[in-house]
There are 2 protein chains.
Amino acid sequence: MNAIHLRIGHNLQRVRKQRQLSLDKVADLTGVSKGMLHQIERGDTQPTVTTVWKIATGLNISFSSLIKEDESAISIVKRKDAPDITEDNGNCLVYLLFPFNPQTQIEMFTIVLKPKGSYVSTPHNEGVQEYITVISGEFKISIRDDTYTLLAGEAIRFTGNVSHKYRNETDENVILQVVMHYPEA
Amino acid sequence: MNAIHLRIGHNLQRVRKQRQLSLDKVADLTGVSKGMLHQIERGDTQPTVTTVWKIATGLNISFSSLIKEDESAISIVKRKDAPDITEDNGNCLVYLLFPFNPQTQIEMFTIVLKPKGSYVSTPHNEGVQEYITVISGEFKISIRDDTYTLLAGEAIRFTGNVSHKYRNETDENVILQVVMHYPEA
DNA sequence: TCTTTTTGTTTAGTATATTATACAATTATA
DNA sequence: TATAATTGTATAATATACTAAACAAAAAGA
């Protein structure tokens with residue numbers, strides 16, 4: 001995932017080239033100086049929200065279209081040695097794959113539950129959706145008063161606004177892939 | 001329409017209060033200093049896009065939700081004496097009601113065609129929609145090879161990617177209300 | 001009550017966003 | 001070709017975003 005100011009730079013240059021406008025012309029339309037526009041396109045500055053707003057207004061395009069991710073963008077996450085979070089005396093390891101992205105409203109990580117490991121999650125905000133896919137091992141999850149057992153390849157989805165508990169009662173590691181989706185508000 | 005940095009300030013403070021978070025806590029979650037957050041909420045600064053991005057990420061909310069307009073916001077446009085644009089030797093006057101808003105993708109203005117006045121519009125970009133409502137007078141519009149005559153209370157909608165011409169062949173003023181809608185890209 | 005902690009606010013220093021101007025490189029025009 | 005106009009680039013000066021720290025005001029605990 002590219003930094004937001006780089007995306008703005010690319011998007012700006014794309015529409016400018018598409019409409020065959022010079023920097024001077026865009027400066028004229030938007031009220032943002034030519035030099036600034038140049039720096040924004042090159043990504044060597046982090047513009048103010050009002051500057052970006054002026055650009056969007058002057059070019060008659062949405063703010064979102066300026067900050068949107070290039071659909072061809074590719075992010076690769078390498079295998080990490082150290083977890084980002086450790087719970088339950090090191091028996092629950094959380095490896096962040098993709099941090100929360102305000103664009104997609106999604107966050108993704110891998111959880112390793114060591115033998116006898118467990119994790120209790122406090123309820124999330126209203127409307128949060130949680131998707132868990134079991135990569136390997138035998139996984140037990142308790143939601144409210146019910147407990148479910150899932151094996152590798154199986155998955156579960158639930159709204160996260162209720163407390164839930166992950167458990168690994170076996171002697172083998174349990175590996176999970178978790179996708180969180182947060183609501184707009 | 002409030003300035004974007006004021007909207008961000010209000011929206012930020014709203015979700016912070018809603019979640020009962022202190023400035024310190026938000027600073028901790030987002031990596032943006034407490035002082036900066038305070039200034040943003042108060043609207044006495046115009047934050048960088050990356051700063052706003054950090055806030056959105058840290059609070060798990062979308063960028064849009066931070067820049068969105070308060071639905072209860074009200075904008076009133078007073079009657080103006082001078083037109084924003086003058087065409088055809090002063091026989092076509094354009095009064096801007098609402099400038100282009102990247103949020104809604106809409107722009108709105110009033111056109112006064114004086115007797116025998118006319119206006120030729122070059123084609124807009126692909127996907128632009130134009131809505132014209134006749135407030136008073138007898139209005140003639142030519143799109144491509146066809147000419148339409150509209151009276152007060154009547155309206156027309158067409159895609160603006162083709163050249164079109166407004167005409168007033170009478171001896172009375174023609175007053176139009178025009179809404180432009182621009183596509184996302 | 002007094003102390004301690006937590007809250008929002010201010011301030012001074014610094015990093016940097018932004019502009020205006022000048023420059024270089026390219027394209028148009030004669 | 002020479003000249004002019006138009007393009008993107010660089011630079012220096014200024015305005016301001018941002019942080020860290022100190023401060024004040026309110027709430028909580030004793």
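Every chain is numbered from 1 and lettered A, B, ... according to where its sequence line falls, protein lines coming before strand lines.
Heavy atoms of A/Thr48 sit under 4.0 angstrom from primed sugar atoms or phosphate atoms, though from no base atom.
DNA chain C is contacted by both A/Thr45 and B/Glu41; B/Glu41 maps to the nucleotide lying nearer its 5′ end (nearest heavy atom per residue).
Atom-to-atom, CG of B/Asp28 to C1' of D/dA20 comes out at 15 Å; the value is rounded to the nearest Å. When rounded to the nearest whole Å, the span between CG of A/Leu23 and C1' of C/dT18 equals 15 Å. At whole-Å resolution of the value, CE in A/Met36 and C1' in D/dA10 are 13 Å apart. Taking atom CG of B/Leu37 as the reference point, atom C1' of C/dG8 lies 12 Å away to the nearest angstrom. Taking atom CG of residue A/Leu21 and atom C1' of nucleotide D/dT7, one finds them 13 Å apart after rounding to whole Å. Atom-to-atom, NZ of A/Lys34 to C1' of D/dT9 comes out at 9 Å; the value is rounded to the nearest Å. Atoms CG (A/Asp24) and C1' (D/dT9) sit 12 Å apart, rounded to a whole Å. Here the P atom of nucleotide C/dT7 and the CD atom of B/Gln13 are 15 Å apart, to the nearest Å.
Relative ring orientation between B/Trp53 and B/Phe63 is described as tilted, the plane-to-plane angle lying within the 30° to 60° band. Taking the six-membered ring for Trp and thresholds of 30 and 60 degrees, A/Tyr119 and A/Tyr166 have ring planes inclined between 30 and 60 degrees apart.
When the side-chain nitrogen and oxygen atoms of B/Arg16 are compared with OP1 and OP2 of C/dT7, none of them lie within a distance under 4.0 Å. For the pair B/Thr51 and D/dC18, the criterion of a side-chain N or O lying under 4.0 Å from OP1 or OP2 is met. Between A/Ser22 and D/dT7 there is a side-chain polar atom (N or O) within less than 4.0 angstrom of OP1 or OP2.
Each of C/dT10, D/dA17, C/dT18 was ranked by its minimum atom distance to the side chain of B/His38; first place goes to C/dT10. Relative to the side chain of B/Gln39, the nucleotides C/dA17, C/dA22, D/dC18 differ in distance, and D/dC18 lies closest. Listed candidates were C/dT10, C/dT19, D/dT9. Nearest to the side chain of A/Arg42 is D/dT9.
Side chains of B/Ser142 and B/Thr147: a donor on one and an acceptor on the other come within 3.5 Å.
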B/Lys68 vs B/Arg7, test: side chain to side chain contact (heavy atoms under 4.5 Å, CB included). Steps then yes/no.
CA-CA 7 Å; B/Lys68 80 168 174 211; B/Arg7 302 206 305 259; over 6 Å; no
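Panel note: side chain B/Gln105, backbone B/Pro183; a donor-acceptor pair is recorded below 3.5 Å.
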